[in-house]
Trainee: 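Got a structure here, written out as structure tokens. Questions coming.
First the proteins, then the strands, lettered A, B, ... as listed; each starts at 1.
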Amino acid sequence: MSRYDPASIEPKWQAAWEEALTFKATREGDKPKYYVLEMFPYPSGRIHIGHVRNYTMGDVIARYKKQNGFNVLHPMGFDAFGMPAENAAMASGGHPKDWTYGNIDTMVGQMKPLGFGLDWSRMFATCDPEYYGQQQALFLDFLEKGLVYRKNAMVNWDPVDMTVLANEQVIDGCGWRSGAPVERKELTQWFFKISDKSGELLDALDTLDNWPAKVKTMQANWIGRSRGLQFAFSTIDAPEGFDRIEVYTTRPDTLMGASFVGISPDHPLAKQLEKDNADLAAFTAECRKMATTEEAMEKAEKKGFDTGLRVRHPFDTAWELPVYVANFILMDYGTGAIFGCPAHDQRDLDFARKYDLPVVSTFAPAMGEEGTFILPEDGGPAYVPPKQETVRWLKPFNWDEAATGEAAIEAAIDFCEKNGVGQGVTKFRLRDWGLSRQRYWGCPIPVVHCDTCGVVPEKKENLPIQLPYDEAGKPIDFSIPGNPLDRHPNWRDCECPSCGKPAKRETDTMDTFVDSSWYFARFTAPRATTPTDLSEAEYWMNVDQYIGGIEHAILHLLYSRFFARGMIETGHLPESAKEPFNALFTQGMVTHAIYRRSYLKRIDDIDGAPAHLTTYRYYYPEEIAVREGKAYLVNDDVETQLKAGDEVEVVPSAKMSKSKNNVVDPMAIISTYGADTARWFVLSDSPPERDVEWTASGAEAANKHLGRVYRIAAEIAAGDAPSTKEDEALLKETHKTIHDVTMGVESFGFNAAIAKLYGFTNTLSKSRAGKEAKTFAAKTLAQLMSPMTPHLSEEIWQLLGGEGLIADAPWPKADEAMLVEDSVTLPIQVNGKRRGEIEVPKDMPKEEVEKLVLAHDAVVKALDGGTPKKLIVVPGRIVNVVV
RNA sequence: GCCCGCGUGGUGGAAUGGUAGACACAGGGGACUUAAAAUCCCCAGCCUUCGGGCGUACCGGUUCGAGUCCGGUCGCGGGUACCA
């Protein structure tokens with residue numbers, strides 16, 4: 001009998017699918033459509049085991065839906081613009097384009113042997129001029145509709161390299177290459193008006209029933225709708241034009257506890273005052289030397305500078321408050337100015353204590369709940385109860401002494417509006433999406449700067465505006481910092497599309513999030529000469545199941561939702577595609593143990609004298625033998641002087657990282673065990689939304705199991721046992737497995753489905769049923785496994801005389817009548833602890849169950865002649881006796 | 001800092017508020033074999049005076065009943081608007 005040999009069967013079936021065009025997406029007959037999409041990869045160089053897991057999940061869904069009678073669209077492409085290509089060019093020469101396309105070739109070559117049911121004819125990369133040219137067309141349409149505009153915004157500026165840095169290129173406030181402290185620099189940049197749709201993007205989250213709640217919560221918090229009061233403090237002896245400072249507050253109810261006004265270092269008033277105040281100018285300059293990230297802002301020590309300027313409290317003109325410039329106030333949010341109420345905000349309280357400002361409580365815990373409460377003015381922490389909690393008001397203006405924060409806020413807004421102090425307003429935290437990047441390897445922004453006409457959109461017939469490959473006849477030099485488009489000898493020079501005079505191209509390129517905000521729509525008609533083909537988009541959109549990492553919960557998914565709306569407004573998508581992803585699933589990572597040993601590394605110090613440094617030596621999995629959870633070296637290690645057999649430290653479940661030598665290469669796994677083993681393992685060991693740890697023993701076990709399934713099937717095919725009285729039991733078990741596995745696949749419970757398949761394989765292996773029943777069971781097993789292990793399943797299907805390709809065979813249906821059990825085992829609890837069980841007919845009335853329970857030994861013993869306090873019978877589930 | 005998750009045997013994990021540990025790995029025992037590999041079968045949370053007791057990161061609460069719900073703490077992970 002032949003053995004399971006993935007190396008021969010996998011290429012065979014891949015060829016068969018390709019020949020039969022099995023996975024080509026077609027609009028065939030009147031079948032319903034199903035669009036399944038995994039977030040497309042960045043072409044980093046090689047595929048990663050995490051990719052294998054992600055695409056296997058999508059493939060399971062795609063194959064399952066196809067077998068359930070859907071026209072399936074399951075495409076693949078590459079998110080191919082971005083910084084790593086430029087970094088590679090900087091580090092080792094070469095051109096981002098060559099690097100990127102080379103990587104794509106490699107990765108496609110690695111993905112094909114995995115047997116994914118993908119329609120490769122639709123593949124594209126976002127750096128293809130055919131793709132980004134259509135993106136430029138979209139940009140022009142967005143511009144025409146007023147969805148794009150220009151304004152000034154801050155970037156991280158490296159003053160030594162004279163270049164703009166990405167946030168990840170800023171390390172501890174310094175440029176990653178130059179080491180120079182970064183500065184903030186203001187540039188005119190392009191923005192998408194996503195904030196116009198804040199309310200809509202927030203409200204529509206409620207319609208996304210098949211999105212994880214956590215993702216919706218994250219987006220809702222990110223958009224951040226708040227209701228508050230906008231009003232102005234009038235200033236005393238302020239510079240011309242600054243007689244008022246507009247502030248926005250979500251806690252107008254605490255206005256009587258205000259003790260200072262804070263403005264952003266980028267506030268126009270700060271910029272005015274620093275002109276005549278060198279100390280203030282030094283302070284704001286210091287503030288502007290911070291990275292632009294929210295994290296850096298929030299984690300920095302909260303500092304302020306007293307401008308000396310005073311404002312009047314809106315309720316009492318005799319009450320004056322100082323105006324501070326404070327480093328934690330963002331110019332982008334609200335009005336860039338706040339009032340501080342130290343009693344009810346910990347940050348304001350820290351600030352007040354630092355600068356010796358008054359602390360005045362406006363409310364305290366409700367009567368009877370004071371407990372050990374200490375007022376903030378008496379040294380306690382800031383008192384910040386939930387807004388829904390009723391508190392005792394010390395300084396209400398028009399509400400009861402006992403009221404919730406919520407009620408007080410509304411009352412305060414109402415009071416302020418009636419007294420002409422301000423306006424109730426709704427604001428959002430969401431800022432407009434800055435899309436300009438001062439980089440080469442991105443989609444050029446198709447506009448022209450003309451001395452006469454200003455900013456002019458490029459003509460559509462001139463698209464795509466292609467990136468230049470050469471520079472003065474030579475490949476572009478990436479060793480020089482800065483944007484090569486900016487210094488290119490002639491790429492910038494062009495004709496004004498409006499007046500025809502010499503003009504200059506925009507040299508900013510687009511954020512790569514733009515590329516990934518509409519690729520899903522492009523897949524519906526990837527070769528169309530317009531961004532989309534409406535008929536195709538109408539048929540295939542929306543994405544029925546989208547699968548990707550939780551790291552994209554906010555930006556990518558929010559931007560895509562915005563883009564879908566923009567594309568509807570510009571006629572590129574039907575109205576029904578407003579929410580482009582019907583269902584979302586966020587999968588976990590694949591992790592792997594790190595094997596390491598700390599040792600003293602000998603180094604030469606500055607004087608050339610030998611010195612030692614404690615460091616780690618990381619070992620590759622191939623260098624390690626694992627026994628009973630402990631790791632030992634296979635060979636001697638010269639560097640650390642360790643010998644073969646010496647133990648090394650194991651750090652389990654670590655994120656795979658090249659520098660920690662704990663990456664596993666999918667290609668090595670395929671050559672050792674085959675693609676089906678890799679696919680089976682990444683699904684079997686962990687729930688899909690959680691991380692999975694890759695272990696060599698787990699992969700080997702998966703491989704053994706597949707070999708076992710093959711062997712069982714081959715034995716059945718070779719046998720000729722007549723039917724027996726066990727046929728019925730096996731048939732029943734087969735239908736139960738169909739039911740359980742179907743439920744598992746439908747609910748993304750792949751690991752649970754696989755556990756059922758293990759159980760069923762054991763049952764089948766032990767069954768003494770006849771050939772007919774066993775053949776049906778084995779064919780069903782092959783079908784149920786086929787979305788996960790498609791090659792093995794095809795092989796078994798063929799072996800057992802299945803018709804055509806298993807990939808085309810209809811998914812098995814469980815016979816409901818076979819699933820009914822006539823009796824159930826009821827566990828008996830006494831005071832919530834399990835003390836025994838009884839076997840009863842499924843529909844036995846409660847009263848009879850109670851009788852049986854009271855007669856049960858354990859219950860009689862526990863009652864000790866008394867009567868139960870309570871007897872709870874949950875039909876078909878459990879019985880609990882309270883004594 | 002802020003927002004969102006996660007935490008169960010030696011390991012990965014299972015469990016609509018209802019028998020905690022399914023299924024698997026590693027481990028132990030056995031069968032087959034001259035032997036090994038491969039394969040097949042069985043055992044197994046921890047402690048125990050063998051009555052039972054303890055157990056789902058930690059502390060507390062709700063409930064007849066909590067891994068699951070609520071409050072707090074600790075640890076880890078993701079995001080934090082120019083990494084993708």
Side-chain angles (χ1 to χ4, degrees), chain A residues 3 39 41-42 44 79 81-84 87 155-156 164-170 194 212-215 217-222 224 292-300 302 328 332 346-347 429-439 511-513 515-516 549-556 558-559 586 588-589 626-630 652-653 655 684-687 689-693 695-698 700-702 704-705 707-708 711 749 751-752 754-759 762 765-766 825-829 831-837 868-872 874 877-882:
Chain A
R3 284 177 54 125
M39 290 180 187
Y42 180 79
S44 54
D79 190 12
F81 275 135
M83 293 202 310
N87 293 343
V155 293
N156 299 310
V164 178
L165 298 177
N167 285 333
E168 72 159 7
Q169 295 173 321
V170 179
I194 188 172
K214 62 180 169 187
V215 174
T217 309
M218 280 188 257
Q219 290 212 359
N221 290 340
W222 184 260
T292 56
T293 68
E294 185 194 316
E295 189 192 358
M297 298 278 256
E298 287 283 335
K299 279 190 176 165
K302 310 291 179 287
F328 55 85
D332 291 320
Q346 190 60 45
R347 186 180 62 187
R429 205 185 76 100
L430 181 65
R431 310 201 292 258
D432 277 333
W433 169 14
L435 69 114
S436 295
R437 296 292 181 271
Q438 294 71 41
R439 272 184 266 282
D511 176 12
T512 56
F513 274 124
D515 311 336
S516 56
I550 188 68
E551 68 272 21
H552 295 294
I554 298 175
L555 296 179
H556 162 61
L558 189 62
Y559 290 158
T586 55
M589 296 183 301
V626 178
R627 286 189 301 274
E628 298 186 32
K630 291 186 172 147
S653 309
K655 196 191 310 188
S684 69
D685 232 33
S686 216
E689 68 276 15
R690 238 195 274 180
D691 294 349
V692 64
E693 168 120 5
T695 59
S697 56
E700 199 182 318
K704 275 188 192 172
H705 178 74
R708 183 171 183 230
R711 202 161 48 243
N751 58 325
I754 284 179
K756 298 285 180 202
L757 289 168
Y758 267 108
N762 285 333
S765 157
K766 285 174 195 169
T825 306
L826 284 187
I828 299 174
Q829 293 184 333
N831 291 338
K833 288 204 193 307
R834 186 177 179 277
R835 285 291 182 265
E837 58 182 38
K869 232 190 215 163
K870 210 166 178 180
L871 186 56
I872 295 134
V874 185
R877 274 284 176 198
I878 202 166
V879 183
N880 192 9
V881 187
V882 185

Trainee: Students often get this wrong, so: under 4.0 angstrom with heavy atoms, is A/Lys704 touching a base, only sugar-phosphate, or nothing?
Mentor: sugar-phosphate
Trainee: Which part of the nucleic acid, if any, lies within reach of A/Ser436 when heavy atoms closer than 4.0 Å are counted: base, sugar-phosphate only, or nothing?
Mentor: base
Trainee: Could you measure between the two P atoms, the one in B/A15 and the one in B/G21, and give it in whole Å?
Mentor: 13 Å
Trainee: Would you say the side chain of A/Arg835 lies within less than 4.5 Å of the side chain of A/Val881, judging by non-hydrogen atoms?
Mentor: no
Trainee: Rounded to whole angstrom units, what separation is found between the CE atom of A/Met218 and the P atom of B/C4?
Mentor: 9 Å
Trainee: For A/Val170, run the side-chain contact (heavy atoms from CB on, under 4.5 Å) check against A/Thr293, A/Thr292, A/Leu165 and tell me which one passes.
Mentor: A/Leu165
Trainee: Pairing check on B/G55: which nucleotide meets the Watson-Crick or G-U wobble criteria with it, both distances under 3.5 Å?
Mentor: none
Trainee: Of the candidate nucleotides B/G1, B/A84, B/G78, which contains the atom at the shortest distance from the side chain of A/Ile550?
Mentor: B/G78
Trainee: Stepwise, does the side-chain contact (heavy atoms from CB on, under 4.5 Å) test hold for A/Met297 with A/Phe328?
Mentor: CA-CA 6 Å; A/Met297 298 278 256; A/Phe328 55 85; over 6 Å; no
Trainee: Please give the distance between the P atoms of B/C6 and B/G10 as a whole number of Å.
Mentor: 23 Å
Trainee: Applying a 4.0 Å non-hydrogen cut-off, can you work out what A/Asn831 is touching in the nucleic acid: base, sugar-phosphate, or nothing?
Mentor: nothing
Trainee: Write down the distance between NE2 (A/His705) and C1' (B/A38), rounded to a whole number of angstrom.
Mentor: 17 Å
Trainee: Could you tell me whether A/Ile828 contacts a base, only the sugar-phosphate backbone, or nothing, with contacts defined as non-hydrogen atoms closer than 4.0 Å?
Mentor: nothing
Trainee: Could you check if the base of B/G60 is syn or anti? Syn means the glycosidic torsion is within 90 degrees of 0.
Mentor: anti
Trainee: Can you tell me the distance, in whole Å, between the CG atom of A/Asp515 and the C1' atom of B/A84?
Mentor: 11 Å
Trainee: Quick one: is B/A14 close enough that its OP1 or OP2 comes under 4.0 Å of any side-chain N or O from A/Asn751?
Mentor: yes
Trainee: Looking only at N and O atoms, is any donor in the side chain of A/Arg877 or the base of B/U16 less than 3.5 Å from an acceptor on the other one?
Mentor: yes
Trainee: Identify which nucleotide among B/U19, B/U80, B/C54 has an atom closest to any side-chain atom of A/Pro827, counting heavy atoms from C-beta outward.
Mentor: B/U19
Trainee: With both distances under 3.5 Å as the test, what is the Watson-Crick or G-U wobble partner of B/U39?
Mentor: B/A31
Trainee: Who is the Watson-Crick or G-U wobble partner of B/C76, with both distances under 3.5 Å?
Mentor: B/G5
Trainee: For B/A24, which nucleotide is its Watson-Crick or G-U wobble mate, given both distances must be under 3.5 Å?
Mentor: B/U11
Trainee: Scan A/Arg708 against the nucleic acid and name what it touches under 4.0 Å (heavy atoms): base, sugar-phosphate only, or nothing.
Mentor: sugar-phosphate
Trainee: Could you please name the option among B/A81, B/G18, B/A84 that lies closest to any side-chain atom of A/Thr293?
Mentor: B/A81
Trainee: Stepwise, does the side-chain contact (heavy atoms from CB on, under 4.5 Å) test hold for A/Asn167 with A/Glu295?
Mentor: CA-CA 11 Å; A/Asn167 285 333; A/Glu295 189 192 358; over 6 Å; no
Trainee: Would you indicate what A/Gly549 reaches in the nucleic acid, counting non-hydrogen atoms under 4.0 angstrom: base, sugar-phosphate, or nothing?
Mentor: nothing
Trainee: B/A14, B/C82, B/A81: which one has an atom nearest the side-chain heavy atoms of A/Val155?
Mentor: B/C82
Trainee: So, is A/Lys766 near the phosphate of B/C42, with a side-chain N or O under 4.0 Å from OP1 or OP2?
Mentor: yes
Trainee: Reckon A/Gly82 touches a base, only the sugar-phosphate, or nothing at all at heavy-atom distances under 4.0 Å?
Mentor: sugar-phosphate
Trainee: Return yes if some donor-acceptor pair links the side-chain N/O of A/Asp432 with the main-chain N/O of A/Ile194 below 3.5 Å, else return no.
Mentor: yes
Trainee: Expressed in whole Å, how much space separates the P atoms belonging to B/A37 and B/G30?
Mentor: 14 Å
Trainee: Is it true that A/Glu294 and A/Arg429 have a side-chain N and a carboxylate O under 4.0 angstrom from each other?
Mentor: yes
Trainee: Reckon A/Trp433 touches a base, only the sugar-phosphate, or nothing at all at heavy-atom distances under 4.0 Å?
Mentor: nothing
Trainee: Could you measure between the two P atoms, the one in B/C41 and the one in B/C58, and give it in whole Å?
Mentor: 37 Å
Trainee: Could you please name the option among B/U80, B/A26, B/C83 that lies closest to any side-chain atom of A/Ala166?
Mentor: B/C83
Trainee: Determine the contact category for A/Val881: base if any of its heavy atoms lies under 4.0 Å from a base atom, sugar-phosphate if only primed atoms, P, OP1 or OP2 are that close, otherwise nothing.
Mentor: nothing
Trainee: Give the nucleotide from the list B/C82, B/C4, B/U19 with an atom nearest to the side chain of A/Asn156.
Mentor: B/C82
Trainee: For A/Leu871 and B/G65, give me the distance from atom CG to atom P, rounded to whole Å.
Mentor: 15 Å
Trainee: Of A/Val874 and A/Thr512, whose closest RNA chain B nucleotide lies nearer the 5' terminus?
Mentor: A/Val874
Trainee: On the nucleotide B/G1, are OP1 or OP2 found under 4.0 Å from the side-chain N or O atoms that A/Lys299 carries?
Mentor: no
Trainee: Counting side-chain heavy atoms from C-beta on, which of B/C4, B/A81, B/A24 comes nearest to A/Glu294?
Mentor: B/A81
Trainee: Students often get this wrong, so: under 4.0 angstrom with heavy atoms, is A/Pro41 touching a base, only sugar-phosphate, or nothing?
Mentor: nothing
Trainee: Can you figure out which of B/C41, B/C82, B/A22 approaches the side chain of A/Ala755 most closely?
Mentor: B/A22
Trainee: Identify, between A/Thr292 and A/His552, the residue whose nearest nucleotide on RNA chain B lies closer to the 5' end.
Mentor: A/Thr292
Trainee: Give one of base, sugar-phosphate or nothing for A/Gln438, where a contact means two heavy atoms less than 4.0 Å apart.
Mentor: base
Trainee: Considering only atom C1', compute the distance from B/C47 to B/G55 and round it to an integer number of Å.
Mentor: 10 Å
Trainee: What's A/Lys302 touching, base or sugar-phosphate or nothing? Going by heavy atoms closer than 4.0 Å.
Mentor: nothing
Trainee: OP1, OP2 of B/C40 versus side-chain N and O of A/Arg711: anything below 4.0 Å?
Mentor: yes
Trainee: Counting distance alone, no hydrogens or angles: does the base of B/C64 have a donor or acceptor under 3.5 Å from a partner atom on the side chain of A/Asn880?
Mentor: yes
Trainee: Under the side-chain contact (heavy atoms from CB on, under 4.5 Å) criterion, do A/Leu435 and A/Phe513 qualify, and how do the steps go?
Mentor: CA-CA 8 Å; A/Leu435 69 114; A/Phe513 274 124; over 6 Å; no
Trainee: Classify the ring geometry between A/Tyr559 and A/Trp433 as parallel (under 30°), tilted (30 to 60°) or perpendicular (over 60°).
Mentor: parallel
Trainee: May I ask you to evaluate whether A/Arg437 reaches the phosphate of B/C82, defined as a side-chain N or O under 4.0 Å from OP1 or OP2?
Mentor: yes
Trainee: Need one value for A/Ala752: base, sugar-phosphate or nothing, where a base atom within 4.0 Å counts as base even if backbone is also close, heavy atoms only.
Mentor: nothing
Trainee: What nucleotide among B/C82, B/A84, B/U80 has an atom nearest to a side-chain atom of A/Val164?
Mentor: B/C82
Trainee: Would you classify B/G52 as syn or anti? Syn applies when the glycosidic angle is within 90° of 0.
Mentor: anti
Trainee: Return the pairing partner of B/U68 with a 3.5 Å limit on both distances, Watson-Crick or G-U wobble; otherwise return none.
Mentor: none
Trainee: Does the side-chain contact (heavy atoms from CB on, under 4.5 Å) test come out yes or no for A/Ile872 and A/Arg877, once each step is laid out?
Mentor: CA-CA 11 Å; A/Ile872 295 134; A/Arg877 274 284 176 198; over 6 Å; no
Trainee: Looking at every non-hydrogen atom in both residues, tell me the closest pair between A/Asn880 and A/Asn831 and how far apart they are.
Mentor: OD1-N, 3.5 Å
Trainee: Report which part of the nucleic acid A/Lys214 touches: base, sugar-phosphate, or nothing (heavy-atom distance under 4.0 Å, all strands).
Mentor: sugar-phosphate
Trainee: Between B/C59 and B/C4, how far apart are the P atoms? Round to whole Å, please.
Mentor: 25 Å
Trainee: Strictly below 4.0 Å: does A/Asn221 bring a side-chain N or O up to OP1 or OP2 of B/C4?
Mentor: yes
